[in-house]
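Only a predicted model underlies this, so the values are computations on that prediction, with no experimental measurement involved.
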Amino acid sequence: MIRYGLIRPSSSPRLCCFGSFRQLSTPISYEYIKDYDSLRKMIRASISNNPSDNEIVNAVSSIKNLQSGYPIQDQLESNSVLTQHSKNIIDEVFSKKTVKFSPRLLKQLLLLNLPTELNLKIINEYYKVNSESKTIINKLIALIPLRNALYNADFHRAIKISDVTVGHPNYISHQGAILKSGIIKLISTAAAVTIFTKFGVTSLIDAGVLPASWDHLGAINSILLTYIINSSFFVTIVKFGRQLISSGGDFLTWQRGTFYSHWFKHADEMLFNSKIVEADRDLNNGESNPAITDEICRPAPEIRSNTDTLNPGYDREGHKIRLMQLKDDLEKLKFQAYWMTGGDGFEWVEPDQDPAEIQWREHLEKYNKPALEKAEKDALKWADDLIKESS
């Protein structure tokens with residue numbers, strides 16, 4: 001480094017100037033470090049006390065350097081050496097108490113497409129750094145790790161992704177605040193119309209501003225107020241209906257006895273779980289994995305608090321109750337009708353080969369072969385069951 005300043009030489013009245021130029025620091029590169037111990041030491045030595053978003057993203061992305069030294073299936077194992085080393089790297093990155101974890105940084109880290117077990121670790125770190133009760137994860141950001149989990153057929157962890165994002169208590173409270181705000185606005189509007197149309201006209205007549213012939217305007221209050229309330233009511237019903245359809249789709253609905261406000265607050269949670277059920281059926285040729293559906297659609301216990309309306313929560317074993325249930329599978333009903341009628345009135349059409357599904361199964365052949373083999377094994381389970389029943 002060259003310093004700069006002003007010097008007045010003793011032998012000359014002239015001023016001499018010299019300068020300094022500090023070399024700009026370049027981002028630390030972890031590209032060629034594939035050894036865990038060396039990588040962790042490098043991150044510990046290079047990351048600053050108040051790291052920038054780029055520093056954190058570069059450090060966390062270095063986890064991918066370790067993956068090449070392990071079988072690809074180890075990325076799915078929570079107890080594998082690779083997963084434990086990767087979690088230790090994340091702990092090292094966020095060990096600084098001054099670190100700032102913004103939603104923008106969370107999105108950048110989730111876009112790295114790390115294994116779902118590590119995405120869950122990152123999300124937990126986000127809540128740990130931002131421990132306020134108002135901290136939520138936006139639905140669009142939460143969809144990133146969900147899609148990643150579904151692409152890897154990691155359905156059980158996909159349910160956990162739903163639970164810690166759109167199913168998190170902070171998110172449910174946020175949705176409840178939106179619902180409460182809408183109801184307050186509706187009541188405030190009705191009250192304001194009542195005051196200004198009824199008492200406003202009467203006061204102006206008493207003050208002599210308007211003639212007595214204008215008194216009939218107060219009667220408009222009932223008509224106008226009825227119109228606004230009816231319109232608001234039907235708009236609310238339409239919104240609830242749209243949320244129910246768009247969230248559960250053709251796969252999920254609410255258990256009978258679930259209160260309407262629960263529909264609104266948990267609509268995004270149902271949307272995420274319906275995507276999980278859909279992906280599970282696509283992998284299993286239209287059949288649902290009982291382990292997945294039992295977890296999502298666990299029935300509410302028969303207790304006193306559930307007599308009138310069902311309440312979400314946890315059962316005695318600590319399992320989450322989401323108050324969701326499967327819809328009737330239309331394709332399965334059609335198939336049963338086909339066999340019962342001997343095919344009368346039906347035309348058999350071979351399904352088209354979806355290039356995206358072919359690519360997905362090729363990915364699972366390398367990444368999650370056990371899930372793919374189980375799906376292929378259960379593909380003709382319906383035929384075996386039919387043979388057993390007829391024999």
Does [X] use its side chain to pair, donor to acceptor, with the backbone of [Y] at less than 3.5 Å?
X	Y	value
N148	I144	no
R298	Y314	no
T83	N79	no
S80	E77	yes
E295	I292	no
S162	N273	no
Q84	S78	yes

State the [atom1]-[atom2] distance between [X] and [Y], to the nearest 0.5 angstrom.
X	Y	atom1	atom2	value
D154	K160	CG	NZ	9.0 Å
L109	L118	CG	CG	11.5 Å
I141	L110	CD1	CG	7.5 Å
N289	I276	CG	CD1	12.5 Å
S62	I33	OG	CD1	8.0 Å
L76	R157	CG	CZ	6.5 Å

If the condition is side chain to side chain donor-acceptor pair (under 3.5 Å), which residues does [X] pass it with, not counting sequence neighbours?
X	result
S95	none
K121	D91
D280	N284
Q255	none

Can you name the one residue among L114, N113, L112, L146 that meets side-chain contact (heavy atoms from CB on, under 4.5 Å) with N119?
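By the side-chain contact (heavy atoms from CB on, under 4.5 Å) criterion, N119 pairs with just one of L114, N113, L112, L146: L114.
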Listed by chain and number, what are the ring-ring contact (aromatic ring centres under 6.0 Å, His included) partners of [X], not counting sequence neighbours?
X	result
H363	Y151, Y367
Y36	H85
Y70	none
H262	W254, H266

Heavy-atom count check: over 12 atoms from other residues, nucleotides or ligands less than 6.0 Å from K107 NZ?
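Incorrect, the count does not exceed 12.
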Residues that K134 engages under salt bridge (Lys or Arg N to Asp or Glu O under 4.0 Å), provided they are two or more places apart:
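For K134, no residue satisfies salt bridge (Lys or Arg N to Asp or Glu O under 4.0 Å) once neighbours in sequence are set aside.
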What verdict does the side chain to side chain contact (heavy atoms under 4.5 Å, CB included) test give for F272 and I159, after you've listed the backbone C-alpha separation in whole Å, the side-chain angles of each residue and the deciding distance to 0.1 Å?
CA-CA 8 Å; F272 277 42; I159 297 175; over 6 Å; no
Can you name the side chain to side chain contact (heavy atoms under 4.5 Å, CB included) partners of K41, sequence neighbours left out?
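Expected list: none.
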Mind checking side chain to side chain contact (heavy atoms under 4.5 Å, CB included) for E132 and listing every partner two or more places apart, or none if nothing turns up?
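Partners of E132 under the side chain to side chain contact (heavy atoms under 4.5 Å, CB included) test: N130, T135.
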Is there a side chain to side chain contact (heavy atoms under 4.5 Å, CB included) between I137 and H168 once you walk through the steps?
CA-CA 9 Å; I137 297 177; H168 193 275; over 6 Å; no
Please name the pair of heavy atoms, one in [X] and one in [Y], separated by the smallest distance, quoted to 0.1 Å.
X	Y	result
I123	P145	CD1-CG, 4.4 Å
T293	P290	OG1-O, 3.2 Å
L66	D35	CD2-C, 4.0 Å
G167	I172	O-CG1, 4.1 Å
N50	T98	OD1-O, 3.5 Å
R40	N88	NH1-CB, 4.0 Å

Between K275 and E278, is the closest basic N to carboxylate O distance under 4.0 Å?
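No salt bridge links E278 with K275.
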Once ring-ring contact (aromatic ring centres under 6.0 Å, His included) is applied, what residue pairs with a partner in residues 86-116 remain, sequence neighbours excluded?
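Pairs touching residues 86-116 that pass the test: F94-F101, F101-Y126.
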Check the pair N65 / Y30 against side chain to side chain donor-acceptor pair (under 3.5 Å), numbers first and verdict last.
CA-CA 8 Å; N65 300 345; Y30 308 98; over 6 Å; no
I89 vs V60, side chain to side chain contact (heavy atoms under 4.5 Å, CB included): CA-CA, chis, key distance, verdict
CA-CA 7 Å; I89 294 294; V60 174; 5.9 Å; no
